[in-house]
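Below, each value reflects all heavy atoms present in this structure, side chains not excepted, and no hydrogens, waters or symmetry copies.
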Amino acid sequence: MNDIDNQRLSCAGPYEEKAIREECEAVGIRSGIVSGHCNCIRWPSEGDRNTSFLHNMVKIRKLHRPLVSLRVGSIILHDNELISAQVVQQFKKAFTQDTSISNIGLVEKIIPHLVTNDENLMLLALPSMEEITTTVKSMDAYSSPGPDGFGGIFFHHCWDVISNDVINAVQSFFRSGFVLLHFNSNLLTLIPKKDICDQ
């Protein structure tokens with residue numbers, strides 16, 4: 001029995017495990033020390049309770065394995081700095097966006113040409129003072145006011161005072177392509193259809 005307690009068991013091979021198992025069963029010892037040693041013997045038949053632990057340990061060991069060499073085409077790299085640079089370059093190539101845009105004609109194939117070149121030039125041309133004045137005068141005078149509180153009637157009655165500012169704002173948009181946010185905003189008012197609306 002002292003021989004069994006003092007003997008360090010190894011999990012090296014099945015023949016050694018079989019001999020130790022037979023010796024443990026022959027002596028009939030099931031104390032804590034011997035059962036701890038015999039765990040190494042029982043795991044092939046009963047399984048290991050710590051399989052996730054062991055698998056995680058194997059994964060961690062694999063993560064810490066260094067790259068000794070790396071094949072790039074027909075060249076084999078052995079220097080750690082060259083290997084690191086090649087790995088970084090490969091990931092940059094795979095995960096960075098290509099900034100060059102190539103025209104493959106997809107837009108022309110899918111979206112039909114509804115506006116001719118002459119019409120497009122006319123739409124992009126800087127509007128004259130007369131065009132802007134005609135457009136403002138054609139606004140409905142009794143339309144609901146926008147977020148600024150000014151309706152069509154305001155622009156009709158005060159056009160002599162505000163005409164230069166409105167014309168400059170419209171022409172500025174056509175020159176720069178930038179429009180102030182509040183120029184294109186709307187007011188939305190919910191009007192209840194019932195006298196008492198709780199929901």
Next on the checklist: Could you walk me through whether L124 and F174 satisfy the side-chain contact (heavy atoms from CB on, under 4.5 Å) test, starting with their C-alpha distance in whole Å, then the side-chain angles of each, then the deciding distance to 0.1 Å, before giving a yes or no?
Outcome noted: CA-CA 7 Å; L124 294 176; F174 277 88; over 6 Å; no
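Note that CG of D165 and OG of S172 are 12.0 Å apart. Values are rounded to the nearest 0.5 Å. Rounded to the nearest 0.5 Å, atoms CD (Q89) and OG (S84) are 12.5 Å apart. Atom OG of S69 sits about 12.5 Å away from atom CG of L82, to the nearest 0.5 Å. In this structure, F150 CZ and I162 CD1 are separated by 8.0 Å, a value rounded to the nearest 0.5 Å. Summarising the geometry, atom CZ belonging to F155 is positioned 9.0 Å from atom OG belonging to S143; distances are rounded to the nearest 0.5 Å. One finds the OG1 atom of T116 at 9.0 Å from the CG atom of L123 (value rounded to the nearest 0.5 Å).
A chain of hydrophobic side-chain contacts below 4.5 Å, direct or via other Ile, Leu, Val, Met, Phe, Trp or Tyr residues, connects L126 to I167. In the hydrophobic clustering of ILVMFWY residues, with side-chain heavy atoms under 4.5 Å counting as a link, F173 and F178 come out together.
Checked by atom type and distance alone, the side chain of Q86 never pairs as donor or acceptor with a backbone atom of I83 at under 3.5 Å. Checked by atom type and distance alone, the side chain of H156 pairs as donor or acceptor with a backbone atom of M139 at under 3.5 Å.
A heavy-atom distance below 4.5 Å is not found between the side chains of E119 and L114. Put simply, the side chain of S163 does not reach to within 4.5 Å of the side chain of T133, judged on heavy atoms.
Residue N117 places its CG atom among 12 or fewer non-hydrogen atoms of other residues, nucleotides or ligands, all under 6.0 Å distant. Crowding of I75 atom CD1: a count of heavy atoms from other residues, nucleotides or ligands under 6.0 Å not exceeding 12.
The two residues I76 and R71 have their closest heavy-atom pair at CD1-NH2, 3.8 Å. Among all heavy-atom pairs drawn from Q171 and M129, the shortest one is NE2-N, 4.3 Å. Considering all non-hydrogen atoms of both residues, L77 and V72 come closest at CD1-CG2, 3.8 Å.
For I153, the side chain to side chain contact (heavy atoms under 4.5 Å, CB included) test picks out A141, Y142, H157, with sequence neighbours left out.
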